[in-house]
Amino acid sequence: GADTMRWLYASCKPEQNLRFGYHVGDETRRRFLIPLWNVYSFFVSYAQLDNWQPNADFGSDTPYGTRRTLQSPNPAHAQMDKWIVERLAETTLAVRAALDVYDSEKATQNLEAFLDDLSNWYVRRSRRRFWKSEADADKAAAYATLYDVLVEYVKLLAPFIPFVTEAMYQNLVRSVDEEAPASVHHCFYPQAEAAVLDQALLAKMRLAIVTAGLGRAARGAADVKLRQPLARARVNVGSQQEQADLAELAGVLQEEINVKEIEIVSEVGELVDYKLLPNSRVLGPKFGPDFPRIRKALAGLDPAQAARQLQSGQSLKVDLGDKVVELTDEDVLVQTEARGGLAVASDKGVTVAVDTELTPELVQEGYARDLVRAINNMRKDAGLEISDRIDLGYAANGEVGEALVNFADYVQQETLAVTLTAVPLPNADFQQTVNVGGQDVVLSLRKTAV
């Protein structure tokens, strides 16, 4: 209630009329407070399940408030942990700078952008580290990182939403450390140093997030649902550094766009054909009698190179014989057309083309993913704990039946199924018929007796 109103006021443009009412409040809760609580409860649920305590990793003599990080032995996970800590530092600097000039709107925009990265990238990409049963160094690093980041983020949010953050702080900090300040509002406001920010890592992950989003957008444009794996995505970015960054994060992008292969292409012309069209509404009045000559000169340019120049904010120099005129991206419209069999999306100098052709193997894997989703929904409906193992039975024909044989390991791993049998279980705890690929599949599960 009160916190929703405070966030709503803080995030408004002061020079515009204030939007008000239940509908706007609901939208604020949906956009910010609910995702925040979801990340917090994700952490708390798993920490309770594993009986994880911050002092266990850091030693009980670690003074409160010191930066405590553990490094995962998995280099990709270690990089992800370092990135979210750097993103928090970057956000801390931006929020402090905004508050120094009393710009609460700018502050809330930065805090929302961080939550988006924390919830939709870091936590989502790290989920398996919390799920897995073995308590290894990688899992300890995931807990330590998420704990540290949550506590600091809660302090950053405290002046904006004092009640929710106080509840989180009492649970996350006071319940495990009596030496800590009695309230989140007694803590110093977080600080960070601009000089030590890892700008290269921040740029690399930002590029990966943009690329993954474009890959999903391209799939959406071709109306291919995300659970259906595809053969490959081809990506074009401007600089050598960006190409190297994407090559290093290819595994992450394969998972995010759900393709078997990421190919980085140096020429965007391999993915799309460009067409330059004079914007006659602007060019006519601007150049008058020269307009026909400009249109002719445009037709003679290399469209791919001209498009690249315009998209990177440079102007086009067009030689009319007796003079040279400069055209901007307002004067010239750039049309892109995907080359055969590809779905394309591009933004911020990144172009992603997804190959939408389906093989029988890819179709089957898509069915396996649909089944995993259905089974995990059944687990919830059956009231199972997130750590409960199950026995799973099914009755399915045709391609879906084959998919359950060919992708049995994947299905078992993703649903915590100890056994998978091609007959419905005789004494199931829960049974349901689901439709996958236009076929009815009978699924039955029971909690494994351990």
Intermediate values then yes/no, side chain to side chain contact (heavy atoms under 4.5 Å, CB included), F43 and L172: CA-CA 10 Å; F43 170 80; L172 290 172; 3.7 Å; yes
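- Donor-acceptor pairing under 3.5 Å is recorded for the side chains of E112 and W7.
- Residues T356 and A343 approach most closely at CG2-CB, 3.9 Å, considering heavy atoms.
- Residues M205 and M80 have side chains in contact (heavy-atom distance under 4.5 Å, counting atoms from C-beta outward).
- In this structure, T165 and Y153 have side chains that are not in contact, with every pair of non-hydrogen atoms separated by 4.5 Å or more.
- When atom types are taken as modelled, the side chain of S126 and the backbone of V123 share no donor-acceptor pair closer than 3.5 angstrom.
- Only one option out of I84, L157, V95 pairs with F114 in a side-chain contact (heavy atoms from CB on, under 4.5 Å); it is I84.
- Other residues, nucleotides and ligands contribute at most 12 non-hydrogen atoms within 6.0 Å of the CD atom of Q240.
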Audit row: E414, R369, salt bridge (Lys or Arg N to Asp or Glu O under 4.0 Å) steps and yes/no: CA-CA 9 Å; E414 294 293 312; R369 285 175 175 246; over 6 Å; no
Could you walk me through whether L384 and L445 pass the side chain to side chain contact (heavy atoms under 4.5 Å, CB included) check? CA-CA 11 Å; L384 294 180; L445 60 82; 4.0 Å; yes
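- Counting heavy atoms from C-beta outward, I390 and I375 have side chains that approach closer than 4.5 Å.
- Summarising the geometry, atom OH belonging to Y367 is positioned 13.0 Å from atom CZ belonging to R227; distances are rounded to the nearest 0.5 Å.
- Taking the six-membered ring where tryptophan is involved, the planes of Y143 and W52 are essentially parallel, since the angle between them stays under 30° and well short of 60°.
- Side chain of Q412 to main chain of A417: a donor-acceptor pair is present (N/O by atom type, distance under 3.5 Å, no hydrogens or angles).
- Distance check, rounded to the nearest 0.5 Å: CD of E242 to CD1 of I264 gives 11.0 Å.
- Proximity of a side-chain donor or acceptor of T108 to a complementary backbone N or O of E105 within less than 3.5 Å is detected.
- Here D245 contributes atom CG and L201 contributes atom CG; the two are 9.0 Å apart, rounded to the nearest 0.5 Å.
- Between D355 and L230 the shortest heavy-atom distance is O-CB, 3.7 Å.
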Decide side chain to side chain contact (heavy atoms under 4.5 Å, CB included) for Q79 and L249; before the verdict, give the C-alpha distance in whole Å, the side-chain angles of both, and the deciding distance to 0.1 Å. CA-CA 11 Å; Q79 176 171 272; L249 290 169; 3.5 Å; yes
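- Under a 3.5 Å cut-off, the side chain of R96 and the backbone N or O of P190 do form a donor-acceptor pair.
- Contacts of Q71 classified as side-chain contact (heavy atoms from CB on, under 4.5 Å), with partners at least two apart in sequence or in another chain: A78.
- Side-chain N or O atoms of R216 include none that pairs as donor or acceptor with a backbone N or O of L226 at under 3.5 Å.
- Between P162 and D3, the closest side-chain pair of non-hydrogen atoms falls below 4.5 Å.
- Residues satisfying the ring-ring contact (aromatic ring centres under 6.0 Å, His included) criterion with Y122, sequence neighbours excluded, are absent altogether.
- The minimum heavy-atom distance linking G238 with Q243 is given by the pair O-NE2, 4.0 Å.
- Defined by atom type and a distance below 3.5 Å, a donor-acceptor pair is present between the side-chain atoms of R87 and T91.
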Step-by-step salt bridge (Lys or Arg N to Asp or Glu O under 4.0 Å) determination, E255 to R124: CA-CA 11 Å; E255 282 183 22; R124 196 167 53 76; over 6 Å; no
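- Within a 6.0 Å radius of CG in D381, other residues, nucleotides and ligands contribute more than 12 heavy atoms.
- Of the listed residues (L207, V265, V350), just one forms a side-chain contact (heavy atoms from CB on, under 4.5 Å) with V235, and that residue is V350.
- Annotation: side chain of F287 is in contact with side chain of L327 (closest heavy-atom distance under 4.5 Å).
- Under the 4.5 Å side-chain criterion, counting only non-hydrogen atoms from C-beta, E326 is in contact with K317.
- In this structure, the separation between CD on E90 and CH2 on W83 is 9.5 Å, given to the nearest 0.5 Å.
- Going from atom CD of Q439 over to atom CD of E399 covers 7.5 Å, rounded to the nearest 0.5 Å.
- In this structure the side chain of K380 never reaches within 4.5 angstrom of the side chain of N376, judged on heavy atoms.
- Put simply, the side chain of V405 does not reach to within 4.5 Å of the side chain of E402, judged on heavy atoms.
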Run the numbers on D81 and R129 for side chain to side chain contact (heavy atoms under 4.5 Å, CB included), then give the verdict. CA-CA 12 Å; D81 291 346; R129 299 166 68 187; 2.9 Å; yes
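- Test N435, V400, N397, V434 against D440 for side-chain contact (heavy atoms from CB on, under 4.5 Å) and you get one pass: N435.
- Judged by distance alone, the side chain of E86 and the main-chain N or O of L197 form no donor-acceptor pair under 3.5 Å.
- By the 6.0 Å contact criterion, OH on Y189 is enclosed, its count of non-hydrogen atoms from other residues, nucleotides or ligands being greater than 12.
- Between K286 and E330 no salt bridge is recorded (no basic side-chain N to carboxylate O distance below 4.0 Å).
- In this structure, the side-chain contact (heavy atoms from CB on, under 4.5 Å) partners of E361, at least two apart in sequence or on a different chain, are T359.
- Across every non-hydrogen atom of L358 and P229, the tightest pair is CD2-O, 3.8 Å.
- A distance-only check finds a donor-acceptor pair linking the side chain of R219 to the backbone of I257 [under 3.5 Å].
- Rounding to the nearest 0.5 Å gives a distance of 10.0 Å between CG of L246 and CG of N236.
- Closest heavy-atom contact between V164 and L33: CG2-CD2, 4.5 Å.
- Although no hydrogens or angles enter the test, the distance criterion places no donor-acceptor pair under 3.5 Å between the side chain of N171 and the main chain of A167.
- The minimum heavy-atom distance linking S104 with A10 is given by the pair OG-O, 2.7 Å.
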